[in-house]
Trainee: 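Can you read through this structure? Questions will come right after.
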Amino acid sequence: LHRLAEGPEPIRPGRPNDRTWQRWTALQQLYYDPDMDKKNVAQKWLTQAQASPQAWHFCWALLQPDKVPEIQFFGASTLHAKISRHWSDLPPGQLDSLRSQLIAQVGQFASGPKMVLTRLCVALASLVLHVLPETWPTAVPDLLCAFQTGEGVTEADGQARCLALLELLAVLPEELQSSRIPASRRSQLRSALAVDWSSVCSLFQQLLQRPDAPCPVRERVLRCVSSWLTLGIALKDSEGLLESCFALLKESELFDTAVETIVSIISQPDCQRFADSLLKVVPQVLGLQEQLKKAVQDGDMETSHGICRIAVALGETHCRTLLEQVDRWQGFQALVSMIMSCTGTPGHYPVDETSSSLTLTFWYTLQDDITSLDVERQTLYLQIYRPVYFQLVDVLLQKASFPRDEDYATWSADDKEQFRTYRVDISDTLMYVYELLGPELLRNLYDKLGTLLTDTTHPSSWQDIEALLFGFQSIAETVDVSYSDVIPGLIGLIPLITANNVQLAETIMFTIGSLAEWLADHSLMLASVLPVVLHGLSNPELSVACVSALKRICRECRHDLHLHASDIMAVSQAVLVKDIHKSPQCMWIMQALGFLLSALPSDEILGKLLSLVTPHIQQLEKLANEPPSSANKLPIVHILGLLANLFSTFDLNKQSERLEVMRPVQTPPHNNNPVVVVLQQAFPLIQIILNKWLNEPEVVEAVCAAFEKSLKTLLHDFAPLVTQLCELIGQMFGAYPQASALDLTRQLVHIFGCEKDLFSPITALLELITNITISIFQLGSRDHPDVVESFMQLHIQVLRRKSDLYLSDRLDIKAVFYCGILSFKFPETPTLKATCLLFTELISHCEDIPVVREVLQEDGKLLLQTLLEVRYLCMHSALYKHLFRLFNCSHREQVSKRRMKDIVKEFALLSRGLQGTEYAASY
């Protein structure tokens with residue numbers, strides 16, 4: 001036989017009947033040929049070879065010592081494939097021979113290569129699962145004996161046999177977990193293996209406690225323990241083993257693996273049934289405190305992290321069980337104190353320590369479990385743990401504080417991002433803790449902040465002030481603080497803070513923003529904080545925080561900002577003209593001004609609105625008169641975006657609702673809505689811009705967005721502009737069809753579809769864009785999935801809102817139907833969903849729209865056929881061959897239930913696109 005160990009050589013043609021030669025050739029291609037197509041062909045052929053009956057024989061030849069590891073690995077994989085998937089093909093009377101050969105091969109490869117040994121162990125594990133417990137009930141004890149005594153495993157020395165046995169014991173539960181076995185059989189096997197845990201556990205303990213046991217052996221034992229825990233081993237049956245694992249925490253080379261094993265053992269939910277065993281674990285965990293303290297002092301982050309994981313795993317998983325042991329509350333309190341020390345690990349996360357973040361979820365769990373106890377025990381534990389949670393707040397604020405400026409400057413961008421995320425997690429924790437501590441927590445924070453700001457004898461750092469404000473903001477962001485008596489004092493303290501640092505100034509802005517709803521109910525306090533926000537608006541470093549605060553204040557307090565409107569307008573216009581902020585923040589400013597202007601007295605709105613938009617419209621006019629270029633495209637899109645965002649929040653309907661509540665008879669009409677006035681004046685300018693930029697998608701989208709956002713806000717007040725807009729949309733879509741124009745049309749149909757006076761222009765627009773879209777389908781619509789989806793959505797809206805539009809003689813419903821049929825062939829999910837919804841609407845209107853009924857009667861069969869094709873679109877063409885085999889199999893296959901099952905399975909995998917995957921291998 002040709003030996004691949006000598007390296008690759010060209011594939012020789014011919015010899016088609018020599019299956020051995022074909023196997024070697026395919027293996028050579030798989031491992032050495034650089035051509036991926038040849039590799040794929042070889043892999044497919046070898047997969048078929050593994051499924052053949054001959055594989056029971058040739059796999060042993062591939063495992064011979066003179067073969068290279070890759071070939072030996074394929075031989076071991078073939079053996080596993082045969083045992084796991086083709087067990088029924090095993091020749092009668094061959095089980096004992098297979099078992100002894102496989103055990104011998106494991107011994108043969110006990111010293112390596114590791115990948116071959118592991119695969120052989122997996123194969124042997126699969127064999128055990130097939131014959132346990134009926135045929136080979138003593139499988140585990142027999143294997144323990146064989147590898148310990150060397151019986152049948154003569155090729156390996158003692159340590160090699162030990163490692164091989166441990167590898168086998170590790171993969172045995174893993175094979176049970178990964179194999180596709182019926183639930184009842186899996187439960188039976190799990191119980192059968194669990195019966196042997198005592199003997200396996202005894203072996204593990206012996207190896208862990210032997211002073212001369214090599215480190216690799218003990219490390220492998222720990223891995224085995226984690227694997228066997230998946231069988232549901234009870235904690236009471238692992239107490240001695242757990243104690244041995246704790247002892248290994250003193251050995252640095254085994255520390256990480258020991259931590260993983262301990263966490264796995266004590267994290268088993270079933271441990272809660274064994275409270276006595278859990279109580280024995282608590283002192284063992286508490287005994288790690290000295291080692292933890294030393295690790296923190298030495299800056300040993302790995303050790304402190306590992307010990308923290310163990311403490312949190314015990315406390316978090318079994319918090320309720322340990323709380324219920326009321327007579328042993330001191331031990332659990334000591335564990336809580338240990339976790340608190342982990343939360344307060346000195347240094348800044350993530351540069352100096354990584355342990356504190358692990359503990360945050362524990363405090364949620366403890367709080368939930370305490371508050372869910374019966375009244376008597378809840379009262380007891382609240383007396384104990386309320387002071388603990390106040391301490392926790394102090395610790396969390398300390399951990400959330402920024403480092404010194406010179407230290408923070410050395411942090412990497414990744415470190416800063418992790419710290420930001422860490423602060424978000426702390427913020428969420430503080431918000432949750434407020435539910436336990438209530439208003440007293442805010443009083444505590446306020447007193448500390450007041451002391452820092454007024455005590456001149458002990459100068460405070462900006463970090464301390466920022467941390468306390470961060471605490472306020474975290475709570476006020478999501479909790480109703482309207483009943484707190486300290487918020488007025490906090491508002492009074494904010495102007496006293498000297499914000500000479502960006503992080504502090506940002507937190508001030510975010511804190512003000514979080515109090516916007518409170519300020520809406522206490523409008524007199526706006527005068528204290530609004531100047532702070534407006535002053536910060538000119539600082540680009542505070543852009544996000546400051547603009548966000550302004551937007552929230554204008555949204556929540558808009559009806560109380562009349563006295564401040566001129567200041568807000570002046571500062572906002574100034575920063576917009578100076579381009580201080582990036583585009584997204586400029587959009588937020590315009591949204592804020594939209595809220596502000598829409599709440600002003602009606603006689604002031606138009607004048608202030610014009611003063612705001614006129615500079616931008618003048619700039620737009622200047623750009624419109626220039627030749628199109630990449631340099632002026634972005635400014636045009638930016639200005640259109642500013643107008644769109646302004647109009648999106650300029651909602652006089654909200655003002656009317658408020659006036660109706662206050663003065664029901666005096667609701668003002670909106671015959672001359674200020675936004676409509678502005679749009680009417682700007683319409684010719686927009687027309688000029690479109691004439692030059694019709695083929696530029698970004699400009700067209702910006703125009704459509706401006707009108708769409710105005711339309712959504714103005715609703716029926718937009719009526720004076722509908723006819724002009726319909727003509728404009730037709731012009732845009734005719735020149736360059738875009739989804740944005742279709743979406744804008746859909747909004748027009750939704751709002752004005754039932755308006756008789758506007759029926760004619762909307763009908764004409766629908767007919768025009770339908771005809772244009774039909775021509776796109778005729779020319780090839782595959783490159784325009786967004787247009788197709790929006791076209792489907794438009795006609796869905798028409799059928800839902802104003803199906804009378806389908807009575808138009810100039811609307812080709814049959815063509816729309818065929819467009820829908822073609823849309824089923826698109827792979828994009830949104831397009832497919834929209835198409836399905838369109839046909840759902842069409843079918844529901846077949847009774848009341850004659851033309852729809854006629855189309856469905858004529859081409860309903862085509863629709864059904866298309867739906868069936870779409871359902872199986874993911875199938876390979878070979879599927880039809882499998883269908884033929886399924887329904888036209890030979891008489892021999894008909895009488896073979898197993899063969900029929902294999903055909904059905906192959907058909908199912910192919911139809912789901914899973915053939916050749918790992919899932920298929922275990923199916």
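This is a predicted model, so every value here is computed, not measured.
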Trainee: Could you walk me through whether L469 and L504 pass side-chain contact (heavy atoms from CB on, under 4.5 Å), step by step?
Mentor: CA-CA 9 Å; L469 286 174; L504 174 58; 4.1 Å; yes
Trainee: When you measure from the side chain of K633 to the backbone of P628, do you find a donor-acceptor pair of N or O atoms at a distance under 3.5 Å?
Mentor: no
Trainee: How would you list, by chain and number, every residue that makes a salt bridge (Lys or Arg N to Asp or Glu O under 4.0 Å) with K802, sequence neighbours excluded?
Mentor: D804
Trainee: Counting C-beta onward and ignoring hydrogens, is there a side-chain heavy-atom pair between V700 and W693 closer than 4.5 Å?
Mentor: no
Trainee: Below 4.5 Å, heavy atoms only, C-beta onward: do L837 and M792 meet side chain to side chain?
Mentor: no
Trainee: How many angstroms lie between CZ in R810 and CG in L768, if you round to the nearest 0.5 Å?
Mentor: 11.5 Å
Trainee: Can you tell if the side chain of L593 reaches within under 4.5 Å of the side chain of L609, non-hydrogen atoms only?
Mentor: no
Trainee: Could you go through I568 and L550, starting from their C-alpha distance and side-chain angles, then the distance that decides it, and tell me whether this counts as side-chain contact (heavy atoms from CB on, under 4.5 Å)?
Mentor: CA-CA 9 Å; I568 296 174; L550 178 65; 4.1 Å; yes
Trainee: Using distance alone, with no hydrogens and no angle criterion, decide if T770 and H795 have a side-chain donor and acceptor under 3.5 Å apart.
Mentor: yes
Trainee: Any donor-acceptor pair under 3.5 Å linking the side chain of S514 with the backbone of A476?
Mentor: no
Trainee: Side-chain contact test, heavy atoms from C-beta onward, threshold under 4.5 Å: evaluate it for S543 versus K582 and give yes or no.
Mentor: no
Trainee: Is the shortest heavy-atom distance from the side chain of L537 to the side chain of N539 under 4.5 Å?
Mentor: no
Trainee: So for atom CD, which belongs to E841, do other residues, nucleotides or ligands contribute more than 12 heavy atoms lying within a distance under 6.0 Å?
Mentor: yes
Trainee: Hey, could you give me the CD1/SG distance between I774 and C819, rounded to the nearest 0.5 Å?
Mentor: 5.0 Å
Trainee: Does anything in residues 502-553 form a ring-ring contact (aromatic ring centres under 6.0 Å, His included)? List the pairs, not counting sequence neighbours.
Mentor: W518-H522
Trainee: Closest heavy-atom contact between V502 and L542?
Mentor: O-CD2, 3.8 Å
Trainee: What distance separates T723 OG1 from L728 CG, expressed to the nearest 0.5 Å?
Mentor: 12.5 Å
Trainee: Any side-chain donor-acceptor pair under 3.5 Å between N500 and T498?
Mentor: no
Trainee: Would you confirm whether T421, through its side chain, and E417, through its main-chain N or O, come within 3.5 Å as a donor-acceptor pair?
Mentor: yes
Trainee: Will you find, in the side chains of Q687 and Q731, an N or O donor that is under 3.5 Å from an N or O acceptor?
Mentor: yes
Trainee: CD1/I751 to CD/Q797 distance, rounded to the nearest 0.5 angstrom?
Mentor: 9.5 Å
Trainee: Please check this pair: side chain of T745 against backbone of A741, looking for a donor-acceptor N/O pair closer than 3.5 Å.
Mentor: yes
Trainee: Checking side-chain contact (heavy atoms from CB on, under 4.5 Å) for the pair K712/S648: CA distance, chi angles, key distance, verdict?
Mentor: CA-CA 7 Å; K712 287 180 178 179; S648 70; over 6 Å; no
Trainee: Tell me whether H845 contacts the main-chain N or O of L799 through its side chain, where contact means a donor paired with an acceptor under 3.5 Å.
Mentor: yes
Trainee: Rounded to the nearest 0.5 Å, what separation is found between the CG atom of L744 and the NZ atom of K709?
Mentor: 13.0 Å
Trainee: Side chains of C754 and R801, heavy atoms from C-beta outward: is any pair under 4.5 Å?
Mentor: yes
Trainee: L515 vs V481, test: side-chain contact (heavy atoms from CB on, under 4.5 Å). Steps then yes/no.
Mentor: CA-CA 8 Å; L515 296 172; V481 296; 4.2 Å; yes
Trainee: Measure from the side-chain N and O atoms of S775 to the backbone N and O of I772, and report whether any donor-acceptor pair falls under 3.5 Å.
Mentor: yes
Trainee: Quick one: are I487 and Y446 in side-chain contact, heavy atoms under 4.5 Å?
Mentor: no
Trainee: Test your reading of the model: is there a side-chain donor-acceptor pair from N632 to the backbone of P627, 3.5 Å cut-off?
Mentor: yes
Trainee: Tell me every residue that passes ring-ring contact (aromatic ring centres under 6.0 Å, His included) with Y408, counting only those two or more places apart in sequence or in another chain.
Mentor: F402, W411
Trainee: Just checking, is any N or O donor in the side chain of D651 or S598 under 3.5 Å from an acceptor N or O on the other one?
Mentor: no
Trainee: More than 12 non-hydrogen atoms from neighbouring residues, nucleotides or ligands closer than 6.0 Å to NZ on K416, yes or no?
Mentor: yes
Trainee: Is the backbone N or O of R555 less than 3.5 Å from a side-chain atom of R558, with the two atoms forming a donor-acceptor pair by type?
Mentor: yes
Trainee: Would you say the rings of F683 and F707 are close, in the sense that their centroids are separated by under 6.0 Å?
Mentor: yes
Trainee: Does D603 CG have over 12 foreign heavy atoms under 6.0 Å away?
Mentor: yes
Trainee: Does R552 use its side chain to pair, donor to acceptor, with the backbone of G513 at less than 3.5 Å?
Mentor: yes
Trainee: Please say whether more than 12 non-hydrogen atoms of neighbouring residues, nucleotides or ligands are located less than 6.0 Å from CD in E626.
Mentor: yes
Trainee: Where is the tightest heavy-atom contact between L620 and I639, given as atom of each residue plus distance?
Mentor: N-CD1, 3.9 Å
Trainee: Measure the CG-CD distance between D428 and E477 for me, rounded to the nearest 0.5 Å.
Mentor: 10.5 Å
Trainee: I'd like to check I769 versus L794 (side-chain heavy atoms, cut-off strictly below 4.5 Å). Are they in contact?
Mentor: yes
Trainee: Under a 3.5 Å threshold, yes or no: a donor from one side chain and an acceptor from the other, between S808 and E767?
Mentor: yes
Trainee: Does a side chain donor of either E466 or T507 reach within less than 3.5 Å of an acceptor in the other side chain?
Mentor: yes
